[in-house]
Amino acid sequence: MGKRIIDAYFTKERSYFENQIGREFDYTSTTGPYEYLLGALAGCFERTLISYLDKDFPFSSISIHVEGEKRTTEPTTLENTSLSIKAKGVEDKNAFKEAVKKAEENCSIFQTIKCVSTMNVDLTFED
């Protein structure tokens, strides 16, 4: 399960990639590589966070708003990246905060981006 494979195709008419089950994802003027990278960050962070909670940990939902600011000088890697996490219906807020900290330390995509970007994580709770 460690290896992930995508195939990307680029023509004058269309630019897209496929995953291993053939699902297609278009590159467009408003949804390109960085949007997919930030989406991957949100997904990886959520999965890592959930892995540190008990299987029956009560919560209603988790949303992660991700913003990335690219450098203006080359290479134009991310300079600042922010994750705003909103958790609803969490009873044990301290356990959830601890899981967020562990996710910051162990999410592989978070750690990869952290090599070139300042990372900021903000957590809020809604009941």
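Side chains included, hydrogens not; waters and symmetry mates left out as well; all remaining heavy atoms used. These figures come from a predicted structure and were not determined experimentally. The first residue of the sequence shown is numbered 1, and numbering continues consecutively from there.
Using a 4.5 Å heavy-atom cutoff, the side chains of Ile62 and Lys86 are not in contact. You'll find the side chain of Asn120 stays beyond 4.5 Å of the side chain of Leu83, heavy atoms only. Between Val121 and Phe110 the shortest side-chain heavy-atom distance falls below 4.5 Å. Using a 4.5 Å heavy-atom threshold, the side chains of Thr81 and Leu41 count as touching. The side-chain heavy atoms of Ile50 and Phe59, taken from C-beta on, include a pair separated by under 4.5 Å. Residues Ile64 and Phe45 are in side-chain contact: their nearest non-hydrogen atoms beyond the backbone lie under 4.5 Å apart. Within the 4.5 Å cutoff, no side-chain heavy atoms of Phe96 are placed close to those of Lys101. Tyr9 has its side chain out of reach of Phe17: every pair of non-hydrogen atoms, C-beta onward, lies at least 4.5 Å apart.
Using a 4.5 Å cut-off between side-chain heavy atoms of Ile, Leu, Val, Met, Phe, Trp and Tyr, with links allowed through other members, Tyr36 and Ile5 fall into different hydrophobic clusters. Under the 4.5 Å side-chain heavy-atom criterion for grouping Ile, Leu, Val, Met, Phe, Trp and Tyr, Leu37 is not connected to Ile6 through any hydrophobic cluster.
The closest donor-acceptor contact from the side chain of Glu35 to the backbone of Gly32 lies under 3.5 Å. Listed for the Ser117 side chain is no donor-acceptor partner under 3.5 Å among the backbone atoms of Met119. Of the possible polar contacts, one joining the Gln111 side chain to the Glu104 backbone as a donor-acceptor pair under 3.5 Å is found. Judged by distance alone, with hydrogens and angles left aside, the side-chain atoms of Asn19 form a donor-acceptor pair with the main-chain N or O of Gly22 at under 3.5 Å. For the pair Thr76 (side chain) and Thr72 (backbone), a donor-acceptor distance under 3.5 Å is absent.
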Next on the checklist: Show, in sequence, the C-alpha distance, side-chain angles and deciding distance for Thr118 and Leu78, and conclude whether the side-chain contact (heavy atoms from CB on, under 4.5 Å) test is met.
Outcome noted: CA-CA 8 Å; Thr118 301; Leu78 290 172; over 6 Å; no
Next on the checklist: Between Lys97 and Asp92, does the salt bridge (charged side-chain N to carboxylate O under 4.0 Å, His left out) criterion hold? Intermediate values first, please.
Outcome noted: CA-CA 9 Å; Lys97 287 177 187 178; Asp92 188 345; over 6 Å; no
Item to check | Audit row: Asp122, Ile85, side-chain contact (heavy atoms from CB on, under 4.5 Å) steps and yes/no | outcome: CA-CA 6 Å; Asp122 180 52; Ile85 303 164; over 6 Å; no
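Rounding to the nearest 0.5 Å gives a distance of 13.0 Å between OG of Ser108 and CZ of Arg47. The structure places OH of Tyr52 at 9.5 Å from SG of Cys107, a figure rounded to the nearest 0.5 Å.
Atom CZ of Arg14 has more than 12 heavy atoms from other residues, nucleotides or ligands within 6.0 Å.
What you find for Val66 and Ala42 is that their closest heavy atoms are CG2-CB, 3.8 Å. Nearest heavy-atom pair across Ala87 and Val90 is CB-CG2, 3.6 Å. Annotation for Leu53 and Ala99: closest pair CD2-CB, 3.6 Å, computed over non-hydrogen atoms.
A side-chain donor-acceptor contact under 3.5 Å links Thr77 and Arg71.
The aromatic ring centres of Phe25 and Tyr16 sit 6.0 Å or more apart.
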